[in-house]
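Notes follow the structure.
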Amino acid sequence: MNTHHQGGGRWAGQDRQDWQQHYPPYSEQQQQGHEGYEAYDQQAQAYYGQQQTYGDQQGHDRQAYIPQQPTAAQQEYTAPPQHRYQRPPGEYGDAEYYVPEYSVLEPEPEPEPEPGYVLPEVPVSSWSVDNGRSAWISRGALVLILLVQAGLSYRLDGSAFAQEAKFLMSDGQLSGLVAQFGLSGVRALSLAWALGATALLFGATRMLFNSRAGLAAAAMYSVLESTAFTGRYASLHSLSLFLLAAALWLLARTRQASPAAVLLAAPFAALAPFAAYSAALYLPTMTVLAVLTAYRFRGAGAFVRGALFAAATGALCFVGIQLAGSPSGWNVHGTDSPLQLLKDSAQWGGVVLLVAVIGAVGYIRRARMGEMPWAAGDAPGAVRRSLLGLTMCATALLAPLYQAWLGNGSSLHIHVGFGLLFAVPMAGLGVSRMMGAHIRYPQIGIMIYVAALVIGMAQTRELYRPPDSARMIGALREVVSTKGDYLSDDPEISAYYLRAQTRPAQWHQAERGQALAEAVKKGTYDAIVLRTATVPDALRGNEDYRLLAVLQPSGKSAGQETYRIWVKR
């Protein structure tokens with residue numbers, strides 16, 4: 001070859017022919033190489049067949065390679081068809097090369113082993129409202145609340161109030177049936193009705209809002225002065241509260257049912273005024289709630305529900321009046337100061353009403369706190385929320401305003417609790433809102449509950465002060481009989497405790513001033529029992545009557561006026 005050929009120029013002519021003679025094409029070289037390899041293989045077999053290897057001194061005949069059919073596993077990884085790559089003309093000659101194509105198949109991944117345990121799904125809310133565990137927790141908390149309420153009521157004790165004695169001596173059908181249990185029995189029955197009202201209030205608030213608001217409402221209602229008082233007061237006030245709470249619970253329970261289902265609540269609402277006349281003030285509120293609780297689900301059909309409830313309740317009340325007469329005491333005017341009555345009402349229920357207003361404002365601004373994202377978009381409208389909050393809060397003002405207008409403060413400390421029965425659900429919602437989503441600030445709820453508890457205990461202790469009549473009754477047992485007439489400041493108490501020796505008609509209400517002087521001058525009464533700090537002028541130095549006993553109150557009744565007993569000579 002010349003330098004031109006070595007320099008990489010193109011080969012042509014005679015030079016190329018000479019080169020092809022010395023170096024045949026690749027296909028011929030491959031054939032010659034294969035024939036040479038077969039000859040070499042035969043020589044190797046002849047040589048190694050006569051020799052032994054160095055290690056085991058045994059001969060190994062080399063066998064020719066015999067192609068075999070590939071297995072199924074080998075077929076899976078068989079190389080794909082080859083493609084032929086040909087160099088451009090003049091580049092290192094015209095030899096052709098076969099470049100194989102292949103692809104690597106990844107082995108199938110092995111299944112992961114199953115875990116020994118599976119973590120439960122984490123809830124999006126720390127206070128689930130529909131699972132079984134939260135229901136049992138709520139019931140347990142409610143039981144504790146009822147135990148506290150029972151303890152607050154049961155700690156109150158003493159002889160009968162004048163109104164209790166009058167109730168126990170009543171000849172009415174319902175009161176006469178209840179009075180057969182005696183003073184202790186009727187007080188225990190009142191406690192049972194009061195506990196039932198708190199439980200029904202929790203259920204109604206839970207259905208209207210949620211369980212947490214229901215527990216807060218029940219907790220605040222259980223420590224109110226009116227609740228503790230009625231739970232240890234022998235009357236039908238607690239029964240009337242129970243009937244109103246049952247009607248409220250049924251209104252909430254049937255809010256998604258047919259409008260006719262509201263008729264289940266009508267008998268309870270209609271019977272409540274006959275147990276305590278003050279319950280009649282709250283029948284319009286029940287009618288409004290019958291509409292508001294169902295409007296979200298029934299739309300215009302909620303007005304049909306309200307009309308059915310009003311018609312059924314009105315008809316039942318009319319039948320009751322025809323059979324038992326109109327409830328007495330609901331329109332009696334008095335001489336009490338309206339301003340003082342409103343001030344007393346604010347002391348007895350102002351804390352709960354304030355929290356209820358806070359809850360109503362928060363409810364109007366936002367339907368829920370956002371701790372239940374799954375319920376997004378399923379909330380009542382702002383108008384309905386406003387009407388519901390206004391109705392519940394304004395209901396607490398009905399009894400104070402009405403009795404202030406009458407100037408009659410009789411049993412106002414009990415009647416305040418009737419209005420708070422409707423305002424407390426909104427107060428429970430207010431406590432829930434102030435504690436925040438997921439109970440972020442529990443100290444706020446605790447402080448409100450403790451404040452209501454302390455205020456309720458102090459007010460109940462101040463108001464629940466029955467007269468210390470035990471020693472007075474003991475002194476009169478020796479001087480009364482079935483043939484005389486008796487004058488007393490507490491004729492109901494004397495008639496009840498001395499019912500075995502006297503008849504109720506023998507006891508008369510004592511007056512002061514000229515009426516007392518005339519009664520003493522005539523000498524009509526065989527015994528005169530007055531609660532007074534000083535001796536009246538009509539009995540001072542009177543020759544017809546002698547002073548039998550002067551009895552100072554003791555214990556919890558300390559501070560009350562002294563009992564003075566005169567008997568006819």
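All values derive from a computational prediction rather than experimental measurement.
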Exercise. Do Tyr563 and Asp490 have a side chain donor and acceptor closer than 3.5 Å?
Worked result: yes
Exercise. Which heavy atom in Ala194 sits nearest to a heavy atom in Gly231, and how many Å separate them?
Worked result: CB-CA, 4.0 Å
Exercise. If you draw the axis of the six-membered ring of Phe309, does the NZ or CZ of Arg305 fall within 45° of it and under 6.0 Å from the ring centre?
Worked result: no
Exercise. How about Arg187 and Asp157: do any of their side-chain heavy atoms sit closer than 4.5 Å?
Worked result: yes
Exercise. Are any non-hydrogen side-chain atoms of Phe422 and Leu289 less than 4.5 angstrom apart?
Worked result: yes
Exercise. Do Val424 and Leu201 come within less than 4.5 Å of each other through their side chains, counting heavy atoms only?
Worked result: yes
Problem set entry | Whether Tyr464 and Phe161 hold their rings parallel, tilted or perpendicular, with breakpoints at 30° and 60° | perpendicular
Exercise. Below 4.5 Å, heavy atoms only, C-beta onward: do Leu498 and Trp507 meet side chain to side chain?
Worked result: yes
For this session: Check whether any side-chain heavy atom of Arg461 sits under 4.5 Å from a side-chain heavy atom of Arg155, and report yes or no.
Result: yes
Can I get a per-line list of side-chain donor-acceptor pairs under 3.5 Å for residues 244-251, giving both atom names and the distance, sequence neighbours left out?
none

Exercise. If you measure from CD on Gln459 to NE2 on His413, what distance do you get to the nearest 0.5 Å?
Worked result: 11.0 Å
Residues 394-403 side chain polar contacts: donor-acceptor under 3.5 Å, at least two apart:
| residue | atom | partner | partner atom | Å |
| --- | --- | --- | --- | --- |
| Thr395 | OG1 | Thr285 | OG1 | 3.3 |
| Thr395 | OG1 | Thr391 | O | 2.5 |
| Tyr402 | OH | Trp330 | O | 2.6 |
| Gln403 | OE1 | His415 | ND1 | 2.6 |
| Gln403 | NE2 | Asn408 | O | 2.7 |
| Gln403 | NE2 | Ser410 | O | 3.2 |

